[in-house]
Amino acid sequence: MTAVTTTPPPAEPAPTLALPSGARRATASPPSIPGATVMGMALILAADLMLLGVFLAAFFALKGGAASWPPRGVRLDVYLPTVVTITAAMSAISMGWVLYAVRRHDVGNAIAAMGLTIVFGLAMANLQWYSMSKAPFGIARHSYGSMYDLLIGYHLVHVIIGVVMIVIVGCRTLAGHFGREQAEPVRAVALFWQYGNIAWAIILTALFFISRSHV
């Protein structure tokens with residue numbers, strides 16, 4: 001008695017779409033995982049926070065081994081850091097406005113809030129660059145000068161990256177890519193921006209409040 005074997009019918013191919021060149025491509029797109037963009041940004045910021053922790057550990061190690069911190073003759077001006085802090089607080093509010101407007105699918109208010117946040121970011125970047133370039137000490141003058149430029153530069157880099165990210169999501173918002181149910185990229189950018197504001201508060205405390213100036 002011979003066994004009868006049957007072959008399963010071939011699987012139906014995925015639906016294809018003809019391109020102008022005559023080639024064909026599948027129309028099916030991989031499903032997106034809800035929250036993946038925000039989760040990815042959270043993981044990046046967790047690693048970033050570890051880097052800031054390393055910088056602060058070095059800062060306090062140098063402070064603990066120094067006879068005076070900052071060195072004698074260094075008097076810190078708190079005017080520029082205060083202006084940066086006020087600007088950062090206003091940018092935090094404007095970024096919250098961005099999220100509120102995007103969730104309501106209010107493109108006009110979203111773009112206005114993004115533009116305002118970009119202005120605040122550029123103002124912070126300008127003030128921080130000015131404070132580093134006009135400081136009465138250089139990065140190689142002493143340990144405090146090195147940590148001063150390193151920590152302020154850390155936040156400056158985050159501000160520049162944040163501004164670029166806001167410009168990108170702003171263009172996509174104008175194109176209608178985001179709405180009430182599709183705001184994850186905007187939420188991720190907002191998370192990055194607010195992390196930068198928190199990082200600045202930590203840096204401000206270390207550089208200007210915990211450290212005492214010597215005339």
Side-chain angles (χ1 to χ4, degrees), residues 14-17 19 23-56 84-129 150-204:
T16 58
L17 177 67
L19 299 176
R24 303 177 74 83
R25 66 178 176 89
T27 57
S29 58
S32 59
I33 302 175
T37 305
V38 176
M39 179 60 69
M41 179 60 72
L43 293 175
I44 292 173
L45 293 180
D48 202 353
L49 182 60
M50 294 179 189
L51 179 61
L52 178 59
V54 171
F55 291 160
L56 290 173
V84 172
T85 304
I86 295 173
T87 308
M90 292 189 294
S91 75
I93 296 173
S94 62
M95 183 54 75
W97 180 20
V98 169
L99 281 176
Y100 177 78
V102 168
R103 287 170 179 166
R104 292 174 60 89
H105 203 61
D106 188 347
V107 176
N109 273 303
I111 295 300
M114 288 180 189
L116 188 60
T117 307
I118 289 172
V119 170
F120 289 147
L122 294 177
M124 283 191 290
N126 180 61
L127 288 169
Q128 289 179 329
W129 179 260
L150 180 64
L151 290 173
I152 291 185
Y154 171 88
H155 185 258
L156 175 60
V157 170
H158 282 71
V159 170
I160 295 173
I161 294 174
V163 168
V164 173
M165 293 170 70
I166 293 173
V167 171
I168 293 173
V169 296
C171 294
R172 294 189 63 187
T173 301
L174 282 174
H177 293 177
F178 305 133
R180 185 173 303 168
E181 305 298 331
Q182 296 176 335
E184 274 199 30
V186 182
R187 289 174 56 201
V189 172
L191 184 63
F192 181 88
W193 190 266
Q194 302 297 19
Y195 166 80
N197 290 331
I198 295 172
W200 170 248
I202 297 172
I203 292 169
L204 178 76

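Here, residue 1 is the first one in the sequence, and each next residue gets the next number.
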Between the CE atom in M95 and the CD1 atom in I166, the distance rounded to the nearest 0.5 Å is 3.5 Å

Can you tell me if CH2 on W129 sees more than 12 non-hydrogen neighbours from other groups inside 6.0 Å?
no

For A188 and M41, the nearest pair of non-hydrogen atoms, with its separation, is O-CG, 3.4 Å

Taking all non-hydrogen atoms of both residues into account, name the closest pair between A112 and W97 and its distance.
CB-CH2, 4.2 Å

When you measure from the side chain of Q194 to the backbone of A92, do you find a donor-acceptor pair of N or O atoms at a distance under 3.5 Å?
yes

Side chain to side chain contact (heavy atoms under 4.5 Å, CB included) partners of L204, counting only residues at least two apart
P81, T85, W200, F208, F209

Pairs meeting criterion side chain to side chain donor-acceptor pair (under 3.5 Å) with involvement of residues 114-123, two or more places apart:
S94-T117

Give, for atom OG1 of T87 and atom CG of N197, the distance between the pair rounded to the nearest 0.5 Å.
10.5 Å

Atom CG of D106 and atom CD1 of I111: how far apart are they, to the nearest 0.5 Å?
10.0 Å

As a quick check of understanding, evaluate side-chain contact (heavy atoms from CB on, under 4.5 Å) for T173 and V98, giving each step before the final call.
CA-CA 11 Å; T173 301; V98 169; over 6 Å; no

For the residue pair W193 and V163, establish whether any side-chain heavy-atom pair is separated by less than 4.5 Å.
yes

Here the pair of heavy atoms bringing A101 nearest to A110 is CB-N, 3.4 Å

Closest contact, heavy atoms only, L151 versus I203:
O-CD1, 3.3 Å

Rounded distance (nearest 0.5 Å) linking atom CG of L150 with atom OH of Y154
10.0 Å

CE of M165 to CD1 of I118, rounded to nearest 0.5 Å, is 12.0 Å

Test log, rule side-chain contact (heavy atoms from CB on, under 4.5 Å), inputs R187 and R103
CA-CA 10 Å; R187 289 174 56 201; R103 287 170 179 166; 3.9 Å; yes

How close do G162 and F192 get, heavy atom to heavy atom, and via which atoms?
N-CE2, 3.7 Å

ring-ring contact (aromatic ring centres under 6.0 Å, His included) against Y195, all qualifying residues, sequence neighbours excluded:
H158

Rounded to the nearest 0.5 Å, what separates atom CD1 in I160 from atom CE in M124?
11.0 Å

How close do V159 and G121 get, counting heavy atoms only, and between which atoms?
CG1-O, 3.2 Å

